[in-house]
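Notes follow the structure.
Numbers restart at 1 for each chain; the letters A, B, ... are given by sequence-line order, proteins then strands. Heavy-atom basis, side chains included; hydrogens, waters and symmetry copies ignored.
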Amino acid sequence: MPELPEVETVRAGLERYVVGAKISAAQTFHPRALKTTSIATLKSVIGAKIIAVNRRGKFLWFELDREFALVAHLGMSGQLLVQPITSPKHLHLRANLVLGNSLISPKKSREKIEIRFIDQRTFGWLSVEEQSNGIPTSVAHIAYDPFEHEFDLKAVISDLKRRKSAIKSAILNQGIISGIGNIYADEALWRARLHPEIICGDLTEDEIKKVVLSAKAVMKSAIKAGGTSFDEQYKNVNGESGYFSRSLSVYGREGEPCSRCATLVRRIAFANRSSHFCPRCQR
DNA sequence: ACTTACACCTGCCAGC
DNA sequence: TGCTGGCAGGTGTAAG
């Protein structure tokens with residue numbers, strides 16, 4: 001479910017409430033809550049202080065006063081909520097991290113709070129990992145996202161230009177550019193007026209540049225709106241929905257008129273997922 | 001070295 | 001009412 005804007009919304013919420021806090025207890029409630037490649041159990045973070053909450057693309061990690069980091073990926077349906085330990089537990093609660101000394105709580109109560117990892121489909125995970133130059137093991141192969149200082153627009157354009165895959169598949173490839181998922185890929189291609197199935201090598205560098213900058217622009221607007229929520233799946237750390245779905249131009253709008261030319265938006269099955277586009281604007 | 005197909009899950013909704 | 005198939009925001013992997 002969550003793409004870069006949703007993950008960033010969660011990251012910013014966590015940063016606000018949990019940086020500086022010490023983890024006093026940790027528990028998993030589902031066998032897949034901890035990634036199999038985790039170097040230690042979740043209990044190993046007990047006693048650690050949270051120094052920062054970092055993100056690259058759709059990957060989040062807690063920087064701790066330890067050699068290792070605690071990585072979190074939300075998969076298709078994961079949530080991280082910050083709640084008082086006494087508040088009702090969600091059906092799909094997979095793990096928690098109880099905080100010993102948090103200064104602020106979302107409810108402004110003096111109650112102890114905890115970070116809850118909730119995940120209906122169980123594609124998300126937590127993992128205790130070693131780091132190299134501050135980057136955890138499972139994030140090492142993920143490309144810079146467009147909001148990082150190190151993001152090299154020219155390098156990404158020339159990489160894409162050499163590819164033989166469809167442009168949509170390429171921008172979904174987290175090893176080339178990270179953070180873009182199915183929603184923002186469709187939105188970026190609509191903004192750039194490009195059909196999702198065009199082969200990268202057949203595009204001009206200017207066209208490729210336009211897709212990449214459109215992806216960054218649409219994700220920036222979505223962050224401002226608190227992300228895209230269609231249902232109960234995406235929530236920020238306070239359990240609130242984002243409202244960017246009303247600003248989407250094509251995603252989830254099959255059969256509705258294109259806002260530029262009024263042609264009806266089409267949905268096609270492509271690369272094992274749905275693609276939404278305007279058949280007139282995007283040839 | 002790339003690219004693609006598929007597996008990994010649970011739940012909801014439309015249609016019969 | 002209850003079944004079935006299709007669909008859902010992602011990623012790692014195996015095989016071509």
Side-chain angles (χ1 to χ4, degrees), chain A residues 1-10 29-38 55-60 71-80 90-94 117-127 129 136-143 145 158-188 196-202 215 218-219 222-223 225-236 241-245 247-248 250-255 267-276:
Chain A
M1 128 198 136
E3 305 181 32
L4 186 153
E6 292 73 41
V7 178
E8 173 55 24
T9 302
V10 171
F29 305 104
H30 189 282
R32 277 186 300 278
L34 197 71
K35 215 180 176 196
T36 53
T37 51
S38 181
R55 181 188 58 73
R56 169 169 292 172
K58 306 170 196 172
F59 289 71
L60 267 181
V71 187
H73 197 289
L74 301 179
M76 290 285 268
S77 55
Q79 303 176 10
L80 287 168
H90 194 282
L91 171 66
H92 302 298
L93 180 66
R94 306 306 187 196
F117 175 52
I118 290 148
D119 189 13
Q120 179 196 101
R121 290 175 72 183
T122 71
F123 289 162
W125 45 262
L126 301 177
S127 176
E129 299 182 3
T137 313
S138 65
V139 190
H141 69 291
I142 300 299
D145 70 56
S158 58
D159 186 343
L160 287 169
K161 178 69 184 164
R162 285 186 291 105
R163 302 270 171 170
K164 293 182 175 70
S165 67
I167 183 64
K168 179 163 175 188
S169 303
I171 60 174
L172 288 172
N173 182 340
Q174 306 297 303
I176 303 173
I177 175 174
S178 69
I180 303 171
N182 208 34
I183 296 177
Y184 300 107
D186 283 358
E187 294 299 309
E197 292 176 293
I198 305 172
I199 302 303
C200 293
D202 294 340
V218 70
M219 290 195 293
I223 292 168
T228 297
S229 307
F230 300 118
D231 50 27
E232 289 306 298
Q233 295 301 344
Y234 172 72
K235 302 277 184 178
N236 68 14
S241 293
Y243 51 89
F244 194 71
S245 63
S247 304
L248 296 174
V250 282
Y251 189 90
R253 299 201 182 281
E254 181 186 18
R267 181 172 69 87
I268 57 169
F270 165 66
N272 283 330
R273 1 191 33 176
S274 286
S275 281
H276 311 74

Donor/acceptor link under 3.5 angstrom from A/R273 side chain onto base of C/dA8:
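No, no donor-acceptor pair under 3.5 Å.
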Counting only Watson-Crick pairs (N1-N3 plus N6-O4 or O6-N4) and G-U wobbles (N1-O2, O6-N3), all under 3.5 Å, who is the partner of B/dC9?
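Answer to the pairing question: none, since B/dC9 forms no Watson-Crick or G-U pair.
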Whole-Å distance separating the [atom1] atom of [X] from the [atom2] atom of [N]:
{"X": "A/E254", "N": "C/dC7", "atom1": "CD", "atom2": "C1'", "answer": "12 Å"}
{"X": "A/D159", "N": "B/dT3", "atom1": "CG", "atom2": "C1'", "answer": "13 Å"}
{"X": "A/N173", "N": "B/dA5", "atom1": "CG", "atom2": "C1'", "answer": "15 Å"}
{"X": "A/K164", "N": "B/dT4", "atom1": "NZ", "atom2": "P", "answer": "11 Å"}
{"X": "A/M76", "N": "C/dG6", "atom1": "CE", "atom2": "P", "answer": "17 Å"}
{"X": "A/R94", "N": "B/dC8", "atom1": "CZ", "atom2": "P", "answer": "17 Å"}
{"X": "A/F123", "N": "B/dA7", "atom1": "CZ", "atom2": "P", "answer": "12 Å"}

Considering only NZ, NE, NH1 and NH2 on the basic side and carboxylate oxygens on the acidic side, decide whether A/R55 and A/E8 come within less than 4.0 Å.
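Salt bridge between A/R55 and A/E8, a charged N being under 4.0 Å from a carboxylate O: yes.
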Side chain of [X] (C-beta onward), nearest among [options]:
{"X": "A/Q120", "options": "C/dG10, B/dT3, B/dG11", "result": "B/dG11"}
{"X": "A/N272", "options": "B/dC9, B/dT4, B/dA5", "result": "B/dA5"}
{"X": "A/K58", "options": "C/dT11, B/dC8, C/dA8", "result": "C/dT11"}
{"X": "A/T122", "options": "B/dC9, C/dC7, C/dG12", "result": "B/dC9"}
{"X": "A/L91", "options": "B/dT4, C/dG10, B/dG11", "result": "B/dG11"}

Quick one: is [N] close enough that its OP1 or OP2 comes under 4.0 Å of any side-chain N or O from [X]?
{"X": "A/H92", "N": "B/dG11", "result": "yes"}
{"X": "A/S165", "N": "B/dC2", "result": "no"}
{"X": "A/H141", "N": "C/dT11", "result": "no"}
{"X": "A/H73", "N": "C/dG10", "result": "no"}
{"X": "A/Q233", "N": "C/dA8", "result": "no"}
{"X": "A/R32", "N": "B/dC9", "result": "yes"}
{"X": "A/R163", "N": "B/dT3", "result": "yes"}

What nucleic acid atoms does A/S274 come within less than 4.0 Å of, heavy atoms only: base, sugar-phosphate, or nothing?
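Sugar-phosphate, backbone atoms only, no base.
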Report which part of the nucleic acid A/Y184 touches: base, sugar-phosphate, or nothing (heavy-atom distance under 4.0 Å, all strands).
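A/Y184: no heavy atom of the nucleic acid under 4.0 Å.
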Nearest 0.5 angstrom please: A/H73 NE2 to A/D119 CG, how far?
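Result: 11.0 Å between the selected atoms.
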Rounded to the nearest 0.5 Å, what's the gap from CG on A/L91 to CD1 on A/I118? Could you check?
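One finds 10.0 Å between CG of A/L91 and CD1 of A/I118.
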Would you check, one step at a time, whether the test side-chain contact (heavy atoms from CB on, under 4.5 Å) holds for A/S138 with A/W125?
CA-CA 11 Å; A/S138 65; A/W125 45 262; 3.6 Å; yes
For C/dA14 and B/dC9, measure between their P atoms and round to the nearest Å.
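It works out to 16 Å between them.
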Show the numbers, then the answer: is there a side-chain contact (heavy atoms from CB on, under 4.5 Å) between A/F117 and A/L34?
CA-CA 11 Å; A/F117 175 52; A/L34 197 71; over 6 Å; no
Here's a test of your reading of the structure: between A/R121 and A/I142, which maps to the more 5' nucleotide of DNA chain C?
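Of the two residues, A/R121 wins.
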More than 12 foreign heavy atoms under 6.0 Å from CD of A/E232: is that the case here?
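No.
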